Amino acid sequence: MVGDTMIIKNIPKSLADFYKSLLAELKPEWNVEIIIGDYNLYKLGFVEEIPCSISLNVSCEEIYELQEEILDMEVTIYSNEDILYKNPMDMTDDEKKIYKKLKELEKRYNKFQPLENLFSSYLSINEKELKY
């Protein structure tokens with residue numbers, strides 16, 4: 001990784017498009033580009049999808065902050081897990097409000113959690129090259 005450009009390589013085009021759309025929603029200020037890889041591999045039938053790379057102009061710190069944001073969602077949800085599994089008939093009005101907020105947060109977490117996996121994988125593979 002050189003400067004503030006991170007390139008995540010060898011991603012099928014459909015996944016690259018998926019990650020880009022998630023990032024556009026969660027971090028619209030980030031510059032995310034999909035770089036088409038060796039189209040001939042796809043054309044010749046060696047791969048099922050066009051190989052791509054995702055180029056991000058962000059710092060490691062920004063990636064860590066994104067991961068932390070996603071992990072905070074998970075912690076909030078599961079630290080209140082008892083409410084999620086409580087019978088709604090047995091809930092107080094306050095618990096019902098909390099339940100509703102937790103369900104919304106859980107839906108958001110499930111949507112963006114693949115980004116945390118993507119970056120965790122990338123960072124663990126490239127940690128020797130990264131500057132801290």
Side-chain angles (χ1 to χ4, degrees):
M1 180 166 170
V2 178
D4 289 330
T5 300
M6 172 185 287
I7 298 178
I8 304 171
K9 298 178 181 181
N10 298 321
I11 300 174
K13 181 149 181 18
S14 62
L15 273 178
D17 290 336
F18 173 67
Y19 292 135
K20 183 176 180 176
S21 71
L22 289 178
L23 286 166
E25 185 176 338
L26 190 60
K27 297 291 183 183
E29 68 279 8
W30 285 11
N31 182 15
V32 181
E33 293 180 29
I34 295 176
I35 302 165
I36 302 295
D38 191 347
Y39 182 76
N40 288 326
L41 289 175
Y42 170 73
K43 203 164 112 179
L44 294 170
F46 291 115
V47 293
E48 291 183 26
E49 287 193 62
I50 301 166
C52 295
S53 297
I54 296 176
S55 174
L56 299 155
N57 290 325
V58 296
S59 67
C60 281
E61 185 175 303
E62 289 171 300
I63 294 297
Y64 292 133
E65 287 171 4
L66 173 73
Q67 287 182 297
E68 188 172 315
E69 181 180 340
I70 294 169
L71 290 173
D72 283 347
M73 288 182 218
E74 181 180 26
V75 168
T76 301
I77 293 163
Y78 295 107
S79 64
N80 295 290
E81 183 173 46
D82 56 324
I83 292 176
L84 288 176
Y85 297 111
K86 191 172 183 179
N87 184 340
M89 299 291 286
D90 298 331
M91 288 184 191
T92 65
D93 288 341
D94 286 341
E95 287 175 327
K96 287 178 183 176
K97 289 176 188 173
I98 293 169
Y99 175 85
K100 184 178 178 184
K101 288 180 183 178
L102 287 173
K103 288 308 265 184
E104 290 170 6
L105 185 61
E106 184 178 44
K107 184 177 179 182
R108 183 171 169 80
Y109 167 74
N110 288 333
K111 181 176 188 175
F112 294 111
Q113 198 270 339
L115 290 174
E116 201 282 324
N117 288 342
L118 172 71
F119 293 125
S120 289
S121 174
Y122 174 83
L123 292 169
S124 67
I125 291 169
N126 296 289
E127 70 182 327
K128 291 179 184 175
E129 298 173 23
L130 300 175
K131 295 179 183 176
Y132 295 97

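Worth saying up front: this structure is predicted, and the values here are computed from it rather than measured.
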If you round to the nearest 0.5 Å, how far is [atom2] of [Y] from [atom1] of [X]?
| X | Y | atom1 | atom2 | result |
| --- | --- | --- | --- | --- |
| Thr5 | Leu56 | OG1 | CG | 9.0 Å |
| Ile7 | Asn57 | CD1 | CG | 9.0 Å |
| Ser21 | Lys111 | OG | NZ | 7.5 Å |
| Ile63 | Glu116 | CD1 | CD | 11.0 Å |
| Glu106 | Gln113 | CD | CD | 12.0 Å |

Return yes when atom [atom1] of [X] has more than 12 non-hydrogen atoms of other residues, nucleotides or ligands closer than 6.0 Å, and no otherwise.
| X | atom1 | result |
| --- | --- | --- |
| Glu104 | CD | yes |
| Glu29 | CD | yes |
| Lys101 | NZ | no |

Residues that, via side-chain heavy atoms closer than 4.5 angstrom, fall in one hydrophobic cluster with Ile35:
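Its cluster mates, by chain and number: none.
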Could you go through the ring pair (Phe, Tyr, Trp, His ring centres under 6.0 Å) check for Tyr42 and Tyr39 one step at a time?
CA-CA 5 Å; Tyr42 170 73; Tyr39 182 76; 5.8 Å; yes
Please examine the side chains of Ile34 and Tyr19, heavy atoms only from C-beta on, and report whether any two atoms are closer than 4.5 Å.
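The answer is no; the side chains never approach within 4.5 Å.
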For a 4.5 angstrom cut-off between non-hydrogen side-chain atoms, does Leu66 reach Trp30?
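Sidechains of Trp30 and Leu66: in contact.
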So, are Lys13 and Asp17 salt-bridged, with charged N and O less than 4.0 Å apart?
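Judged by the 4.0 Å cut-off on N to carboxylate O distance, Lys13 and Asp17 do form a salt bridge.
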Are Lys27 and Glu69 close enough for a salt bridge, meaning some N to O gap below 4.0 Å?
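Yes, this pair counts.
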Which is it for Phe112 and Glu25 under the side chain to side chain contact (heavy atoms under 4.5 Å, CB included) test, yes or no, and what are the steps along the way?
CA-CA 10 Å; Phe112 294 111; Glu25 185 176 338; 3.7 Å; yes
Using side-chain contact (heavy atoms from CB on, under 4.5 Å) as the criterion, list what pairs up with Ser79, not counting sequence neighbours.
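side-chain contact (heavy atoms from CB on, under 4.5 Å) check on Ser79 returns nothing, list empty.
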